[in-house]
Trainee: 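Have a look at this one.
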Amino acid sequence: MKRCDRLIDVGRRRFLTGAGAMTAGAAAASVLAPEAKAAPGAALVSYPPNRLANVSDLKVNEPLDVAYPDDEAPGVLIKLGTRVPAGVGPDGDIVGFTILCPHKGFPMAYDAADKTLNCPGHYSRFDCERGGQQIWGHATQNLPQYALRVDEKGDIYAEGVDELIYGRLSNVL
Ligand code: FES
């Protein structure tokens, strides 16, 4: 029994030593924690802020052809004529979208009558007054919309896109 008691005692000491080391490690980690920086997520994309146009270039309900975030990504700026939630500019009515259909990438056309972008491929339709929400068709996502900013000179900048542009693994190549 004496040998067994000694083994138990050794085991207890090892356990306490290990617990002490763990406590010290945790204390050190909590002291170092404020300096630790989270690594950015792999999907986080840094967008180039591009000037697309000036407010004075736009006419109500007439799309202006642009490209964002690069020349291979055609899109439009539209001054809708009515204030919308994501609209920018003095009247809160300027929005921007890619014109590549999210279904198969056909370039879409604007219909001024109901302020929609329409696909000639399989007829998906997207509401420009509601953030590019799909209102009909085969696409499985809404239309990617630009994050826009207007500066004091009226220059319109795109600073991001809220959905993946058709055919890309990342909007910024
Ligand atoms: Fe637009 Fe199919 S490519 S609906």
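Counting starts at 1 for both ligands and their atoms, in listed order.
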Trainee: Salt-bridged, D111 to R125, with N to O below 4.0 Å?
Mentor: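 Between R125 and D111 there is no salt bridge, as every charged N stays at least 4.0 Å from the carboxylate O atoms.
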Trainee: What part of S124, side chain from CB on, backbone N/CA/C/O, both or neither, has a heavy atom under 4.0 Å from ligand 1?
Mentor: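 Both backbone and side chain.
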Trainee: Please identify which atoms of ligand 1 are closer than 4.0 Å to at least one heavy atom of K104.
Mentor: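 Per the distance check, 3 (S).
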Trainee: Any idea which N/O/S atom from H103 gets closest to atom 2 (Fe) of ligand 1?
Mentor: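 Result for H103 and atom 2 (Fe) of ligand 1: ND1.
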Trainee: Go through K79 and D91 one step at a time and tell me if the side-chain contact (heavy atoms from CB on, under 4.5 Å) criterion holds.
Mentor: CA-CA 9 Å; K79 181 173 172 59; D91 304 317; 2.8 Å; yes
Trainee: Which atoms of ligand 1 have any heavy atom of C101 under 4.0 Å away?
Mentor: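 Close to C101: 1 (Fe), 3 (S), 4 (S).
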Trainee: Establish, from distance only, whether the side-chain atoms of N61 and Y110 form a donor-acceptor pair under 3.5 Å.
Mentor: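 A donor-acceptor contact under 3.5 Å links the two side chains.
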Trainee: How is the N/O/S atom of H122 that comes nearest to atom 2 (Fe) of ligand 1 named?
Mentor: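 Per the distance ranking, H122 contributes ND1 as its closest N/O/S atom to atom 2 (Fe) of ligand 1.
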Trainee: Any idea which atoms of ligand 1 are less than 4.0 Å away from a heavy-atom of C119?
Mentor: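 Answer, ordered by atom number: 1 (Fe), 3 (S), 4 (S).
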Trainee: Regarding R168 and D70, does a basic nitrogen lie under 4.0 Å from an acidic carboxylate oxygen?
Mentor: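 So R168 pairs with D70 through a salt bridge.
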Trainee: Tell me whether N50 contacts the main-chain N or O of L52 through its side chain, where contact means a donor paired with an acceptor under 3.5 Å.
Mentor: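 Not confirmed, N50 side chain does not pair with L52 backbone.
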